[in-house]
Engineer: 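Can you read through this structure? Questions will come right after.
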Number of protein chains: 2
Amino acid sequence: MDVTGHTSFGGHGDPPQGPQKAASIRDVAAAAGVSYQTVSRVINGHPNVKEETRKRVDAAIQTLGFRRNATAFALASGVTRSVTVITSNTVLYGYAATLQGLEEASRAAGYALGVRVVTPEDDLDRTIAAAADTGGGVVVIGFDAIGAAALDRVPAHVPCAALVEAPRPGRTPSRPAVWADDREAARAATEHLLSLGHETVHYVAIPASTGTRRLAPRAEGWRQALEAAGVTPPPTSGKGWDAQAGYEAGKKLARNKDVTAILCGNDDLALGVLRALHHAGRRVPEDVSVIGFDDAPHSAFVTPSLTTVRMDFHGLGRAAFGLLRAQLDTDQQESAPVPAEPTLILRESSGPRDA
Amino acid sequence: MDVTGHTSFGGHGDPPQGPQKAASIRDVAAAAGVSYQTVSRVINGHPNVKEETRKRVDAAIQTLGFRRNATAFALASGVTRSVTVITSNTVLYGYAATLQGLEEASRAAGYALGVRVVTPEDDLDRTIAAAADTGGGVVVIGFDAIGAAALDRVPAHVPCAALVEAPRPGRTPSRPAVWADDREAARAATEHLLSLGHETVHYVAIPASTGTRRLAPRAEGWRQALEAAGVTPPPTSGKGWDAQAGYEAGKKLARNKDVTAILCGNDDLALGVLRALHHAGRRVPEDVSVIGFDDAPHSAFVTPSLTTVRMDFHGLGRAAFGLLRAQLDTDQQESAPVPAEPTLILRESSGPRDA
DNA sequence: GCGAGGATTGTGAGCGGTCACAACGTGGGC
DNA sequence: GCCCACGTTGTGACCGCTCACAATCCTCGC
């Protein structure tokens, strides 16, 4: 059934007054009866300006509604104070929260924030060049394969910081980067499930950020915990980031009665798994325990509420900005804030075996 | 229980080669043995350049790795090709999806996209001025009170388009705007519930975007549907956008046995309501039907899956960009794409009264 | 009362592009 | 063979601001 809605467009506002070009520092200078350089001094807070002159200039600025032209400033001074975030996604919770942290930090520091999404179809180099052309710095969200590829292609001369899944040994040129200890968090989550009496833990993975044979951190932590307990890790599943992918993986796992505990690479996957288990008639947590990753806002409100690993994406974003700023603004002293550690949040979706 | 994780920082990459200033148009000119103006002609595809000269210049561009300085171009030409989105939020589904649509459209058109978040603490005028200072256009997401206030303060000379909850009659200067027919959608959703046999429908509202006495569109549609059916609208509840707010509202509604159908201002609220009903032992949809708004990605995967009104935020974002572009690039012909109409998506959370 | 030195102000140049226009060739029409 | 139009290229000024430096003013100490 369709709602018979429609979408409409508002009319254009009439532009009554003429083009009314913005006032320049020379206009202000003329109005105040000083040279343009004095105006420049005033707007930059230079100390050696006579109080009375400053007042006159300020008054002229007020009446003319002068605002310094950002473009001209950037060109003449070489200072840009802008950051462009390169990411493959802006909607998934982890990305959106990271972006939020980046935005807050950059706003607080007076930086302009730009966003450019990279897709597999895009020419990475073109996209990166476009981002670098703003003159400012670049922050790459390298949580996935596209992001990681983008990071590798940022030219050496472009100021850049990165958010990555894990430190990347041997990568050159290496860039300042932030990451959370996903491996340790996954290990702790897995150990928690084992401690509840589950004989093994199945893992539904998020897509890897690298093409290498090395396991992604979350998978690696899961594997380590199992092996430490003398359990052979079962095959992993998962072919995407979203709940649909989780549902597909969950359908298969639900058929296997040996599956009593499932760790998921993120909360969306976990949601899909929960749904598949429900369809298969397997109760959570009585029959199967499920743990997610990220602690998305809605995870506390689904039923059963989702046990998950809370990630400080927000803090990660702020830290990444700090790392970039350190390159852009070298006499900037504030060190980048350190993100909170991943934390296992216990809720209803996990419980003892055969509860 | 805490995961003993930690967060670490990567080392700085060594900057081996010198500053290596980017090549300018004059560097290219010298290398190719022509004047800077000829180089300018080549990079702008001017017709009257001898083929052989063009090749020589192109070669010099290649070897020097020249890229036209975007700042200088903007200053000299007055053309900016950039959009700044002003919004109060980037994470909530409706906002994030709108932002995504805006990003895609601007990327496709070769525009740079900036984002500035406005908060109640911010000086709106400063924030807007900062956005306008980029020289490009501004898109305001005016779904809420802060966004709507920001829209009203955009100076008349700044190119601007808006996304609003509903057309705002009598607003001057009015700006080109897009909106969806929320009122009609809410009416249809409410009628659907009534048609299922529910004697009344309760409404959990999202915060209003205006301070006026006029009801928000979703609330208005709900009210109209009830009145058309001869039902006096019960008091509304809701004090926020998120699931927690929905949970609070839901707790109260759950105590009232007359409540058998609840319409929610968005899916997050609905999730909270669902949770509260569950805690109160009221089954959905057997005892109570719940309908959300927006069709967030996870709404199809919660249990019970959520009946909701799908909104084309993505299309709305694209359309808003089109409206802005029409102002910025006047000889641009492509008309803005028209967003899809809101659609009621029937799922498990709604059903006949006393099923 | 005079020079040194700091405070205050103004001038020139340049950031890296664009625009306007002038200055060269060429060729065709008479 | 001359003139003019056109294709091709170069020069100057400028976008709005910053830098470097020079010029002016004032004040103080001796």
Side-chain angles (χ1 to χ4, degrees), chain A residues 19-58 60-61 64-82 129-130 132-136 157 329, chain B residues 19-58 60-61 64-82 112 129-130 132-136 157:
Chain A
Q20 187 186 311
K21 244 180 84 157
S24 79
I25 62 171
R26 314 205 189 227
D27 299 326
V28 174
V34 295
S35 77
Y36 55 82
Q37 177 63 304
T38 299
V39 176
S40 174
R41 289 194 182 94
V42 169
I43 62 183
N44 290 305
H46 187 97
N48 288 346
V49 177
K50 211 200 287 184
E51 190 51 33
E52 188 247 321
T53 311
R54 178 189 310 280
K55 274 200 216 131
R56 215 147 25 98
V57 172
D58 277 332
I61 288 176
L64 289 166
F66 168 83
R67 303 213 86 230
R68 173 223 261 149
N69 180 311
T71 304
F73 172 81
L75 179 58
S77 68
V79 174
T80 307
R81 307 205 92 177
S82 83
D133 280 352
T134 64
H157 62 89
D329 192 354
Chain B
Q20 187 185 314
K21 246 180 88 157
S24 82
I25 191 179
R26 319 210 184 220
D27 298 326
V28 174
V34 295
S35 77
Y36 54 83
Q37 178 61 299
T38 299
V39 176
S40 173
R41 289 194 182 95
V42 170
I43 62 183
N44 290 306
H46 187 98
N48 287 347
V49 177
K50 211 199 289 183
E51 189 52 33
E52 187 248 320
T53 311
R54 177 190 309 281
K55 274 201 217 134
R56 217 150 20 102
V57 172
D58 276 332
I61 288 176
L64 290 166
F66 168 84
R67 302 211 87 232
R68 174 223 260 147
N69 181 311
T71 305
F73 172 81
L75 178 59
S77 69
V79 174
T80 307
R81 305 204 72 149
S82 83
D133 281 352
T134 64
H157 61 89

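Lettering follows sequence order; numbering is per chain, from 1. Only this structure's heavy atoms are used, side chains among them; waters, hydrogens and symmetry mates stay out. Quantities reported herein were computed from a predicted structural model and do not represent experimental measurements.
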Engineer: CG of A/N48 versus P of C/dA7: gap in Å, rounded?
Structural biologist: 5 Å

Engineer: I want to check one thing: is the phosphate of D/dT9, taken as OP1 and OP2, less than 4.0 Å away from some side-chain N or O of B/T53?
Structural biologist: yes

Engineer: Considering non-hydrogen atoms only, spot the tightest contact between A/F66 and A/A23 and give its length.
Structural biologist: CD1-O, 3.2 Å

Engineer: Return the value, rounded to whole Å, for the distance between atom NE2 of A/H46 and atom P of C/dG6.
Structural biologist: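 Atom NE2 in A/H46 sits about 14 Å away from atom P in C/dG6.
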
Engineer: Just by protein heavy atoms under 4.0 Å, how would nucleotides 13-21 of chain D read 5' to 3' in B, S and -?
Structural biologist: --BBBBBB-

Engineer: Of all heavy-atom pairs between B/T71 and A/L75, which one has the smallest distance, and what is that distance?
Structural biologist: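 Where B/T71 meets A/L75 most closely, the heavy atoms are CG2-N, 3.6 Å.
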
Engineer: Roughly how far, to the nearest 0.5 Å, is the CZ atom of A/F73 from the CD1 atom of A/I25?
Structural biologist: 12.0 Å

Engineer: Extract all donor-acceptor atom pairs below 3.5 Å that involve side chains of residues 47-54 of chain B and protein atoms in other chains or at least two apart in sequence.
Structural biologist:
unit_1: B/E52; atom_1: OE2; unit_2: B/R56; atom_2: NE; d: 3.2
unit_1: B/R54; atom_1: NH2; unit_2: B/H46; atom_2: O; d: 3.3

Engineer: A/V28 and A/I61: which non-hydrogen atoms are nearest, and at how many Å?
Structural biologist: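 Closest heavy-atom pair between A/V28 and A/I61: CG1-CG1, 3.8 Å.
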
